[in-house]
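Side-chain atoms are counted along with the backbone in the values below, which use heavy atoms only and exclude waters and symmetry mates. All ligand and atom numbering here is 1-based and tracks the order in the structure.
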Amino acid sequence: MLELRGITAGYDRRAPVVRDVSLTLAAGESVGLLGPSGCGKSTLARVAALLHRPDAGTVVVDGTEARGWRHRAPRAQRTAFGVVFQQPRLSADPRLRLRDLIAEPLRATGAPDGIGELATAVGLSDDLLARRPHQVSDGQLQRACLARALALRPRWLVCDEMTAMLDASTTAALVSVVEDYRRENGAGLLAVGHDPVLLGRWCDRVVRWTDLAPGSGPTGGGQAGRGM
Ligand SMILES: Nc1ncnc2c1ncn2[C@@H]1O[C@H](COP(=O)(O)OP(=O)(O)OP(=O)(O)O)[C@@H](O)[C@H]1O
């Protein structure tokens, strides 16, 4: 179970973008988080994945309260999460070939390289694996970022607008990779997005930001946004 209890978070303690938000995902459950641009979804998703320290509140990962964020999170908790962001070019080291990008988390933990299966799962050929980020499309790079997120077999996936920049067929392919992984591993999913149709089809349950956090956001959660 992944529990976010009373999370207040942001970038300025005097004006948090997320205020007292609680959300619980059952083990293996997939939850879509839908909301307008700028309301704080990504901030909450980053708190959930232990990448952003909240100003207040508690994150409980499979029964254990998180006591550190980012590199200070205990390894067992950090590696419980696989995270994919919207813009693969911001989260991929431009110097790495896709093969090495996917293997990054495996190297950091001393695990043996075993990316063949991952590359096959996300549909990357040997030719593409040998290229660097500037030599592939956004969709191909996002496939590599998804493979990297799955490399340590996380129990939780956080997909923050993973498909927002992609065409329909690449979106379908990546969603299908995530769902195959979840079926085989029983992993839970928090999928952040703007597209109610996609999230409705993809997830067990869709939560609207306005219901979750009526008082959150820089202007109190009442902004108009794309896709809502
Ligand atoms: N690093 C940062 N420093 C300061 N403010 C930030 C930072 N990141 C985000 N914000 C602000 O926090 C608010 C919430 O941002 P967040 O990215 O969580 O929203 P979002 O709902 O995910 O938006 P989108 O759907 O557009 O990605 C926004 O007003 C944004 O400008």
Side-chain angles (χ1 to χ4, degrees), residues 2-25 30-59 66 68-73 78 81-93 138-139 141-142 145-146 149 156-168 170-171 174-175 178 188-203 205-228:
L2 176 59
E3 298 167 81
L4 305 173
R5 297 181 188 158
I7 300 295
T8 293
Y11 307 90
D12 175 352
R13 275 181 170 270
R14 291 161 302 177
V17 294
V18 176
R19 292 170 202 261
D20 195 20
V21 169
S22 296
L23 176 66
T24 299
L25 284 73
S30 57
V31 172
L33 180 55
L34 190 62
S37 185
C39 67
K41 305 180 299 297
S42 296
T43 305
L44 186 67
R46 290 173 61 81
V47 170
L50 312 185
L51 294 174
H52 185 99
R53 175 202 280 272
D55 298 330
T58 308
V59 179
W69 273 263
R70 299 180 68 90
H71 59 281
R72 290 205 179 87
R78 220 178 329 125
F81 292 92
V83 186
V84 189
F85 297 103
Q86 176 179 354
Q87 295 181 9
R89 291 193 195 278
L90 298 182
S91 62
D93 184 336
D138 284 345
L141 189 54
Q142 193 66 307
C145 289
L146 176 55
W156 295 99
L157 285 171
V158 176
C159 297
D160 186 359
E161 301 186 43
M162 175 179 77
T163 62
M165 294 172 67
L166 308 177
D167 64 21
T170 309
T171 294
L174 292 194
V175 167
V178 168
L189 166 71
L190 178 63
V192 172
H194 300 103
D195 182 347
V197 176
L198 174 68
L199 291 184
R201 285 194 186 140
W202 183 2
C203 299
R205 175 162 69 95
V206 175
V207 175
R208 285 182 181 269
W209 185 263
T210 42
D211 297 331
L212 191 66
S216 279
T219 60
Q223 313 98 310
R226 48 183 203 255
M228 290 291 290

ask   = Nearest to atom 1 (N) of ligand 1 by heavy atom, Tyr11, Trp209, Phe85: which?
value = Tyr11

remark   = Check: of Pro36, Gly40, Ala164, min heavy-atom distance to atom 19 (O) of ligand 1 comes from Gly40

request  = For Ala73, enumerate each residue passing the side chain to side chain contact (heavy atoms under 4.5 Å, CB included) test, keeping only those at least two apart in sequence or located in another chain.
outcome  = Leu50, Arg78

ask   = Considering residues at least two apart in sequence or located in another chain, which fulfil the side chain to side chain contact (heavy atoms under 4.5 Å, CB included) criterion with Arg89?
value = Pro133, Asp138, Leu141

So, 4.0 Å and heavy atoms of [X]: is ligand 1 close enough to count as a contact?
X	value
Gly10	no
Gln86	no
Glu161	yes

query = With backbone taken as N, CA, C and O and side chain as the heavy atoms from C-beta onward, which portion of Ala45 lies under 4.0 Å from ligand 1: side chain, backbone, both, or neither?
reply = neither

remark   = dist Phe85:CZ -> Arg46:CZ (nearest 0.5 Å) comes out at 5.0 Å

note = Here the gap from Met165 atom CE to Thr171 atom OG1, rounded to the nearest 0.5 Å, amounts to 11.5 Å

ask   = Going by distance only, is there an N or O of Val17 that falls short of 3.5 Å from an N or O of ligand 1?
value = no

inquiry  = Test your reading of the structure: does Gly35 have an N or O sitting under 3.5 Å from an N or O of ligand 1?
reply    = no

What is the minimum heavy-atom distance between [X] and [Y], and which atoms define it?
X	Y	result
Val158	Ala45	CG1-CB, 3.8 Å
Gln86	Ala164	NE2-CB, 3.7 Å
Arg205	Thr24	NH2-O, 2.8 Å

inquiry  = Could you tell me, atom by atom, which parts of ligand 1 come under 4.0 Å of a heavy atom of Ser37?
reply    = 23 (O), 24 (P), 25 (O), 26 (O)

Close-contact set for ligand 1 against Gly38 heavy atoms, below 4.0 Å = 13 (C), 14 (C), 19 (O), 20 (P), 21 (O), 23 (O), 24 (P), 25 (O), 26 (O), 28 (C), 29 (O)

